[in-house]
Amino acid sequence: MIELLFPGLSHLQNIHPLAVHFPIAFLVGSAFFYLLALLIRKENFANTGLSLLIAGTIAAAATVGTGLYAEPGVMVSHSVRQLLLTPHKYCMIATLAVSAVLALWAIAARPFPRKNRAIFILMFLFLLGLMAVGADYGARMVYDYNAGGSACSQPIDFMK
């Protein structure tokens with residue numbers, strides 16, 4: 001039944017690809033609302049930013065968990081594992097750690113820290129950069145080295 005509704009799911013080796021977009025969307029959205037709150041000085045935007053930050057941190061934890069669970073089954077060469085999968089893993093674990101620190105800080109200073117606000121924003125920008133780099137490593141594994149298995153079945157040019 002599920003294959004009729006979502007035929008692409010039968011090609012997935014694990015559920016990690018289903019989870020990866022949630023922390024990206026929530027954390028980027030959170031940063032947007034925090035910056036809006038800073039520029040417009042409206043508390044409602046900061047409340048939305050906090051809600052999205054909490055959701056993004058929870059989603060990041062779930063996504064890191066699914067990634068760690070899936071890691072042993074990823075069928076790539078040792079060099080791809082070393083040059084792409086390992087940095088991807090560490091970037092995303094660090095992303096989770098930074099988002100957890102920011103979420104705890106924002107919860108404690110509800111909804112937006114007044115003290116050291118510039119440091120909070122700089123840490124958030126660092127988080128977004130770290131997440132982007134980690135996501136790039138993951139995308140390269142899938143699209144350049146077919147780490148998604150039959151989910152990415154088109155011919156891939158390995159001669160770059």
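The residues of the chain are indexed from 1 along the displayed sequence.
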Exercise for review: Show your reasoning for whether side-chain contact (heavy atoms from CB on, under 4.5 Å) applies to Phe124 and Ser30.
Suggested key: CA-CA 9 Å; Phe124 220 126; Ser30 175; 3.3 Å; yes
Exercise for review: Applying side-chain contact (heavy atoms from CB on, under 4.5 Å), run through Val98 and Val101 and close with a yes or a no.
Suggested key: CA-CA 5 Å; Val98 175; Val101 167; 5.7 Å; no
Review point. Could you walk me through whether Phe32 and Leu52 pass the side-chain contact (heavy atoms from CB on, under 4.5 Å) check?
Key: CA-CA 10 Å; Phe32 172 77; Leu52 288 170; over 6 Å; no
Exercise for review: Please step through side-chain contact (heavy atoms from CB on, under 4.5 Å) for the pair Val28 and Met131, ending with a clear verdict.
Suggested key: CA-CA 10 Å; Val28 169; Met131 184 172 60; 4.0 Å; yes
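Nearest approach of Leu96 to Ala61, heavy atoms of both residues: CD1-N, 3.6 Å. Across every non-hydrogen atom of Phe33 and Phe45, the tightest pair is CB-O, 3.4 Å. Between Cys91 and Val133 the shortest heavy-atom distance is SG-CG1, 4.0 Å. Between Ile121 and Tyr34 the shortest heavy-atom distance is CD1-CB, 4.5 Å. Between Val76 and Arg81, the shortest heavy-atom contact is CG2-N, 4.0 Å. Summarising the geometry of Leu130 relative to Ala94, their closest heavy-atom pair is CD2-CB, 3.5 Å, with the distance given to 0.1 Å.
In the hydrophobic cluster analysis, where Ile, Leu, Val, Met, Phe, Trp and Tyr join through side-chain heavy atoms closer than 4.5 angstrom, Phe120 is grouped together with Ile107. Under the 4.5 Å side-chain contact rule for hydrophobic residues, Leu36 and Leu27 do not share a cluster. Hydrophobic clustering (side-chain heavy atoms under 4.5 Å, transitive across Ile, Leu, Val, Met, Phe, Trp, Tyr) groups Leu38 together with Leu127. Placement of Leu68 and Tyr90 in two distinct hydrophobic clusters is found when ILVMFWY residues are connected by side-chain heavy-atom separations under 4.5 Å, directly or transitively. Taking hydrophobic clusters as Ile, Leu, Val, Met, Phe, Trp and Tyr residues chained together by side-chain heavy-atom distances below 4.5 Å, Phe112 does not share a cluster with Leu104.
Not counting sequence neighbours, Phe26 has no partner by the ring pair (Phe, Tyr, Trp, His ring centres under 6.0 Å) test. Considering only residues two or more places apart in sequence or on other chains, Glu43 meets the salt bridge (Lys or Arg N to Asp or Glu O under 4.0 Å) condition with none of them.
Rounded to the nearest 0.5 angstrom, Leu83 CG and Tyr137 OH are separated by 8.5 Å. Leu53 contributes atom CG, which lies 11.5 Å from atom CH2 of Trp105 (distance to the nearest 0.5 angstrom). The distance from the CG atom of Leu84 to the CG atom of Asp136 is 9.0 Å, given to the nearest 0.5 Å. Expressed to the nearest 0.5 Å, how far OG1 of Thr95 lies from CD1 of Ile24 amounts to 9.5 Å.
Residue Ile15 qualifies as open at atom CD1: its count of foreign heavy atoms under 6.0 Å is 12 or below. By the neighbour-count criterion of 12 heavy atoms within 6.0 Å, atom CZ of Arg117 is densely surrounded, having more than that number from other residues, nucleotides or ligands.
Taking the six-membered ring where the residue is Trp, His16 and His88 present perpendicular rings, their angle passing 60° and hence far from 30°.
Under the 3.5 Å distance criterion, the side-chain polar atoms of Thr63 are matched with a main-chain donor or acceptor of Ala19. Panel note: side chain Arg110, backbone Leu50; no donor-acceptor pair is recorded below 3.5 Å.
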